[in-house]
Every structure is written in structure tokens, then in C-alpha cells.
Amino acid sequence: MICCATGCFSIFSVKAQTHYSDVQIAAKSDSLIKLMTLQEKVNMIHGSSSFTSAGVPRLGIPELVMSDGPHGVRTEHGRGWGEEKNVNDSGTYLPTGIALASTWNPTLGFEYGAVLGSEAKYRGKNIILGPGINIMRSPLNGRNFEYQSEDPFLVSKMVVGYIKGVQSQGVSACAKHFVANNEEIDRGSVDVQMSERAFREIYLPGFKAAVVDAEVNSVMGAYNKFRGQFCTHNEYLNNLLKKDLGFKGIMISDWAAVHSTRDAILYGTDLEMGSDLSLNSNNLSQSAVGNLPIPKTVYDKFFLADSALYLVKTGKIPEALIDEKVRRILSVMYKSSVFTKTSPGEYGSPAHIATAKKVAEESIVLLKNEDHILPLNAGQIKSIAVIGANAIRENSMGGGSSQVKALYEVTPMQGIKNMAPDVIINYAKGYTIKRNAIPTEAMINEAVEAAKKSDLAIVVGGWTHGYNYNNWNDNAYDAEGADKPDMKMPFGQDELIKAVLKANPNTIVVLVGGGPIDMTQWIDNAKGIISAWYGGMEGGNALAEIIFGKINPSGKLPVSFPKVLEDVPAHKLGDFPGKNGVAVYREDIFVGYRYYDTYKVEPQFAFGHGLSYTTFKYSDLQVKTGNKTATVTFSIKNTGTTAGAEVAQLYVKQEKLSLPRPEKELKGFEKVFLMAGEEKKVTITLHEEAFQYFNDVTNKWEMDRGVFDFIIGSSSRDIRLKGSGIL
Ligand code: BGC
């Protein structure tokens with residue numbers, strides 16, 4: 001399978017389940033709309049409980065049922081926000097978005113989506129609220145763990161697999177949060193200001209791929225504003241999505257993100273959700289509904305409820321605008337399996353768990369492996385010090401709306417025990433998960449003693465999720481509604497790791513979490529470092545199998561790991577978070593490696609980096625250029641003694657520039673699986689869009705003819721082959 005600028009999904013021929021053509025769906029929807037009263041139509045365009053919107057029972061139209069997402073079907077909320085008891089809601093907990101993207105394997109993206117779709121269907125959900133595809137602009141964003149990457153090309157490739165996978169099950173996916181929801185702290189109010197070029201080149205492509213390539217059935221409008229108008233009802237974004245990109249699905253508001261009845265009707269919100277979270281029983285006055293009865297329930301008070309009814313009844317808004325929203329909702333119902341009976345789906349099945357495990361295996365990134373400290377040989381090891389609260393912490397219920405009740409969750413500690421049942425484990429907690437907590441001397445001593453008396457030490461540290469939805473300040477670092485205060489290791493982990501490294505130089509550091517962390521205080525002394533992300537229910541087993549060499553690591557960073565926060569462009573410029581309600585993206589298109597490479601800033605670990613237990617040799621690069629196209633071929637050989645997979649990355653650079661462009665940009669990649677000694681040829685074809693930039697002045701995508709470099713890397717900084725061609 002080839003991943004290139006034009007796509008890589010020839011194997012994904014499965015379309016959303018539907019028996020009807022678009023024309024038939026339009027006709028069916030229209031004939032239903034004709035039979036509906038205005039009240040019935042209005043009922044369909046706003047929430048009727050925390051995760052449903054109303055149907056029209058007399059016409060056989062069922063409720064539309066939604067659920068988070070994005071890495072499992074959320075804990076059941078029933079019709080309200082209190083958890084329902086005694087329901088079967090313990091299912092498959094998949095690795096989170098950043099882990100999925102670290103696999104650089106769109107096929108696995110499809111399988112991941114198919115698991116979600118199947119489990120959503122089993123639980124009676126019609127829409128799963130994922131994937132989350134906001135660009136990782138800053139390492140501090142509390143939701144990076146749910147998102148995919150700093151790179152729009154990688155995001156675009158991974159989301160297509162995910163969405164097609166979900167929709168192959170007759171369930172709709174929902175690409176969120178459209179757009180530029182890049183900071184959590186003031187997400188409900190911040191106004192994002194960026195150039196059109198940054199929007200088109202960096203922040204839009206993932207959503208464009210979701211709509212155009214994956215035909216996603218729904219998109220969620222972000223909480224924040226974009227150029228002065230809330231994203232959920234933003235005239236510019238709505239026109240772009242529905243007119244320019246041809247989006248035919250439903251624009252769902254984020255929960256309680258609607259601010260105006262008029263704007264929601266005019267500028268594209270098709271379904272208003274979650275406003276019950278911000279409404280109280282007294283705040284809708286008679287004046288909002290004119291001479292209509294005062295709203296009876298909190299759901300009648302939604303902006304798209306009684307006040308919408310009033311605006312239409314008084315002739316201030318044409319009914320056709322409501323019809324248009326209902327038409328979209330009905331068409332999504334027809335496209336998925338809302339009206340049709342399909343297979344019931346599966347929940348927490350062995351096959352689903354196997355997919356969760358496979359994704360975890362391919363996601364784990366071996367960051368550093370000096371003196372081949374890894375893999376460990378269980379037969380030669382008598383004892384291991386396992387240190388760190390994260391070694392025994394379960395994560396599935398953390399982080400906010402993405403919480404999942406896992407059927408079970410294998411922690412790193414359990415995984416290590418499963419892999420090495422005969423090895424003595426000396427455990428020390430090492431640190432306490434609480435904001436501003438620092439380890440006591442006794443805790444450090446306990447860890448040092450454990451490390452000293454063991455053959456080697458594994459410190460499991462990094463970030464943590466918050467569990468308490470209403471009190472993130474307690475321990476939240478990777479969490480919705482909160483951003484990390486800085487990139488430094490929390491809970492005094494630097495001191496702990498330094499002490500353990502001194503006590504036993506054979507120490508491996510495993511980092512849990514949703515993105516970069518400052519390792520500068522101890523990195524030079526640590527021989528082995530692994531990024532394990534939040535690896536889902538089988539994450540501990542996958543991690544241990546990598547540590548002990550049963551699995552050869554093949555994950556690659558989907559985000560650069562800068563050395564320190566001050567190196568991150570948005571922070572260097574003082575633009576994160578926004579100030580006085582406005583976030584100006586002055587770093588423009590120079591996000592992630594586009595900045596580090598162009599401005600010669602050395603990252604700790606480069607975008608696309610990830611080591612293997614084997615070695616790969618790249619050779620025989622050939623570049624054939626055509627009319628605004630190029631075909632790049634090369635060979636990769638596994639020159640080691642272990643089977644493994646390599647993600648070959650193709651970056652493009654234009655030699656002579658008519659405007660500033662990044663040093664290089666990812667335009668193709670392929671994950672190649674090779675037995676020891678095996679060699680394969682890779683062919684990647686690039687089309688015009690791989691060479692274009694967005695010209696802010698002409699407001700068009702343009703290509704300057706000239707010499708382009710084709711750079712093949714094992715990461716964005718480990719360049720193996722280079723060629724060029726005139727285009
Ligand atoms: C989040 C969404 C989520 C929704 C419903 C919001 O707070 O931003 O991602 O889908 O809640 O839970």
C-alpha cells in the first residue's frame with residue numbers, strides 16, 4: 001500500500017453502509033420533511049438528552065444517538081449526565097489518538113475505526129464523536145493525547161483510515177474540533193487569528209481529508225472563535241465546509257458551544273448539543289420566544305429549540321433553513337444504519353482487543369537505545385526495579401469526555417510481570433501524582449535502594465490524566481479543559497530519575513503521556529528511553545513485549561519533541577495561550593519540524609524519529625518527474641537479524657523560493673515490514689498538491705516551477721537518500 005499526496009486507500013473499498021444512492025436519499029428525506037410539522041423539525045435539530053436528538057416516532061424516525069469517542073465508546077451517561085448503573089459499558093479501550101498516529105499505519109487506522117464503529121453499534125450509538133484531529137501546535141495543549149500530529153499530511157492520512165473504518169460499520173464518525181481548538185484553557189472564548197496560508201496549509205488539511213477523502217458524516221464545530229465568530233456558527237467556515245468542500249453531513253456543535261439562535265440557523269449549526277450544561281432553569285425569558293409558551297424543559301431552551309421556532313413562526317427566518325438542517329440529519333441517518341437493521345456489532349471481543357494490542361505494539365516509540373540496553377533478555381535477568389506511580393496507574397477513565405470503561409487495563413507493571421514471571425520485581429512508587437507534589441526523601445531512598453539491589457531499573461514516568469472532571473488542578477496534565485502549566489516533568493520526577501540513574505546506570509525510562517516532556521536534566525545519562533503514550537487496555541503487555549524483544553518497535557514520533565518549551569515557536573513568540581481573549585498564530589505555517597528545521601533549532605527527538613532493534617539500509621533512489629508529478633522509487637533492506645518495520649518518509653523541498661517555505665515538508669510515507677535480510681522496493685507518486693503552497697495574496701494554491709529535492713528519511717532529521725528533479 002502506498003501513501004502519497006494523492007492518497008493510499010485503494011484497499012479501503014468499504015463505503016458507509018447504505019442501500020440508497022444520494023439521489024434516492026435526497027428524495028426520501030424530502031418526502032419525510034413534507035410530512036413533518038415545524039415543531040417536529042425543530043425537535044430534531046437540538047439535544048433531547050445529553051447525547052441524543054429527537055426523532056419523530058409517528059413517522060418512524062428514531063432518535064439520533066451519539067457518544068464520545070475518540071478511543072472507545074464512552075462510559076454510559078444514559079439520558080442525563082449522571083452515570084447509569086448496571087449497564088454493560090465496559091468494552092475495548094484503544095490506544096489514544098497520538099498513539100494511533102505513531103503507528104504511521106493507515107491500515108491500522110481503518111481497523112481501529114472499525115472496532116469503534118462496531119462497539120458503538122453494539123451500544124446503540126449512531127455517531128461516535130471522533131476522530132479528534134486538531135494540530136499539535138504546543139506541547140502544552142491538554143488534549144494532545146486525543147489528537148494525532150503536528151503535521152497535516154500525517155493527520156490527513158490517519159483520519160481517512162479511522163473514519164472509513166467507523167463508517168464501514170454503519171455508524172457515523174465525527175471529525176472534531178473544527179477548527180483551531182489548540183488550547184484548552186480558554187477554549188470557550190478565545191478568538192483565533194491566523195493567516196489564510198496557515199489555515200489552508202496547516203489547520204484545514206485534516207478536516208478537508210475527512211470530508212473529501214473519507215466522506216465523514218459529521219463534523220463538530222470547535223468551542224473557540226475563528227476570526228471573531230464562534231466556530232460552531234461561523235459564516236466563513238460554514239461556507240468553506242459546505243460549499244467549497246462539498247460537506248453533505250451534519251455540523252454538530254460542541255457541547256454548549258452555541259451562542260446565538262440566529263447565527264446557528266444562518267451559519268451552519270445543524271445540530272445543537274450540550275447546551276443543558278450551561279443553561280439553568282431561569283435564563284430563557286418570554287421575550288426570547290415572543291408569544292410562544294415559555295419553554296417547558298431545559299431542552300426547549302436550547303438556542304435551536306423554542307427560540308428557533310419563534311423566529312420561523314414570526315417570519316424572521318425562513319423555514320427552509322430548518323428544513324436544510326433536518327435534510328442533512330435524515331441523509332446521515334439513511335447513509336448509516338439508523339433506519340436499517342444491520343449486524344449488531346461486537347463489544348470487547350477478542351478480535352477488538354487484538355486490534356487494541358496491535359495498535360499499541362506499533363505505536364510505542366523507542367527514543368534512545370545506547371549500548372543496546374534494549375531489548376532485555378528475561379533469561380539473564382534476576383531482578384528489576386520498577387519505579388514510578390505510572391507503572392501501576394490505569395488511564396482509561398482519565399482525561400475528560402474521552403473516558404472509557406475498559407473491560408480491563410494492563411498496566412506497565414502487569415505487562416512486565418506477564419512477560420517475565422520468574423524475575424523478581426522490586427517496586428517503588430517514586431513520586432505522588434498530585435500537582436506540585438515532590439517526592440519525599442524516603443520515597444527517593446526507597447527507589448534508589450530498589451535500583452541498587454536490582455539488575456536494572458525501569459522508571460515509568462511522564463504525564464498523567466486527571467480523573468476528576470471538576471477538579472483538574474489536582475493532577476491533570478493530559479486533560480480536557482486544562483493545559484499543562486509547562487513542559488517540565490511533574491511531581492519531582494527529574495530528581496527521582498537522576499537519583500535512580502546514579503544508583504543503577506542500567507536504567508530505562510518509560511514515558512507515559514500525550515506528548516513531549518522536558519528530559520534535559522537526565523537525558524545524557526539515560527541509555528534507554530521509550531515513549532509509551534496512553535496505550536489502551538493492552539498497553540502494558542505491548543510495552544513489556546517491546547522491552548523484552550518479543551516485539552520489535554516500529555512507532556515513529558508524530559510530533560517533534562523539543563528540548564525545552566522555549567524552543568516551541570508559539571511559546572518563543574509568547575503566543576500560547578492567547579492573551580486578552582485573542583490567540584494570534586504568529587509562527588504561521590512554521591509549526592513543529594517546519595519551524596525546527598527551517599530555523600535550525602535542534603529538537604530533543606525529531607518528528608518521525610523512532611528506533612528499531614534491527615537496521616535498515618536505503619538505496620537506489622530514482623526520481624522521475626512528469627507534468628507537475630513525480631514518481632520516487634527506492635529500496636529498503638532489513639540488514640539486521642530481526643524482522644521489523646520501517647516507516648520511510650518522503651519530504652519535499654523547493655530549491656528556489658518566491659516566498660518563505662519550510663525547509664522540507666512530509667508528502668509521502670510508507671510503513672514497510674521486512675524479515676531479516678529482506679529487501680523491498682517502495683514507489684511513491686506525488687501530484688501537483690505536493691509541490692504547492694497557498695498564496696495569501698492571490699488566495700490560491702500555486703506551484704512555482706523549478707528544482708525540487710526529494711528527501712527520504714528514517715525521520716525528518718535522519719536523512720538516508722536525496723535526489724532532485726525539475727518540475
Ligand atoms: C468535548 C467534545 C465532546 C463533547 C461531548 C466536549 O466538552 O470538547 O470533544 O465530544 O464534550 O462529550
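We number each residue from 1, following the sequence as shown. Since this is a predicted model, take the numbers as computed values, not measurements. Start at 1 and go down the list; that is how both ligands and their atoms are numbered.
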Colleague: For ligand 1, which part of Glu480 has a heavy atom less than 4.0 Å away: the side chain, the backbone, both, or neither?
Modeller: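 Side chain only.
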Colleague: When Asn43 is tested against each of Glu40, Lys41, Gln39 for side-chain hydrogen bond (donor to acceptor under 3.5 Å, both in side chains), which residue passes?
Modeller: Gln39
Colleague: Find all atoms of ligand 1 within a distance of less than 4.0 Å from any non-hydrogen atom belonging to Lys176, and give their numbers and elements.
Modeller: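 Selected atoms, number and element: 2 (C), 3 (C), 9 (O), 10 (O).
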Colleague: Roughly how far, to the nearest 0.5 Å, is CD of Gln167 from CD1 of Ile127?
Modeller: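 Ile127 CD1 to Gln167 CD: 9.5 Å, rounded to 0.5 Å.
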Colleague: Which residues pass the ring pair (Phe, Tyr, Trp, His ring centres under 6.0 Å) test with Phe230, not counting sequence neighbours?
Modeller: His259
Colleague: Relative to the heavy atoms of Arg143, which atoms of ligand 1 are at a distance of less than 4.0 Å?
Modeller: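 It comes down to these atoms of ligand 1: 1 (C), 2 (C), 8 (O), 9 (O).
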Colleague: Using a 3.5 Å cut-off on N or O atoms only, is Arg74 in polar contact with ligand 1?
Modeller: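 So ligand 1 has an N or O lying under 3.5 Å from an N or O of Arg74.
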Colleague: Would you say Arg187 contacts ligand 1, with heavy atoms under 4.0 Å as the rule?
Modeller: yes
Colleague: Against heavy atoms of Phe51, which atoms of ligand 1 measure under 4.0 Å?
Modeller: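 Counting atoms of ligand 1 from 1, those under 4.0 Å from Phe51 are 5 (C), 12 (O).
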Colleague: Working note: Lys484 + Asp478, criterion salt bridge (Lys or Arg N to Asp or Glu O under 4.0 Å); need CA distance, chi angles, decisive distance, verdict.
Modeller: CA-CA 7 Å; Lys484 296 167 186 131; Asp478 284 318; 2.9 Å; yes
Colleague: Select one of side chain, backbone, both or neither to describe which atoms of Gln403 lie under 4.0 Å from any atom of ligand 1, heavy atoms only.
Modeller: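 The answer is neither; Gln403 stays 4.0 Å or more away.
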Colleague: Can you name the side chain to side chain donor-acceptor pair (under 3.5 Å) partners of Tyr147, sequence neighbours left out?
Modeller: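 For Tyr147 the side chain to side chain donor-acceptor pair (under 3.5 Å) partners, ignoring immediate neighbours, are Asn134, His177.
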Colleague: Taking all heavy atoms of Val73 and all of Ala120, pick out the closest pair and write down the distance.
Modeller: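 Nearest heavy atoms, Val73 then Ala120: CG2-N, 3.5 Å.
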Colleague: So is Met220 touching ligand 1 or not, going by heavy atoms under 4.0 Å?
Modeller: yes
Colleague: Hey, is CG on Asp244 packed in by over 12 heavy atoms from elsewhere, all under 6.0 Å?
Modeller: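 Correct, the count exceeds 12.
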Colleague: Suppose I only count heavy atoms of Leu129 and a 4.0 Å limit; which atoms of ligand 1 are within that range?
Modeller: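 Once the distances to Leu129 are compared, the set is 10 (O).
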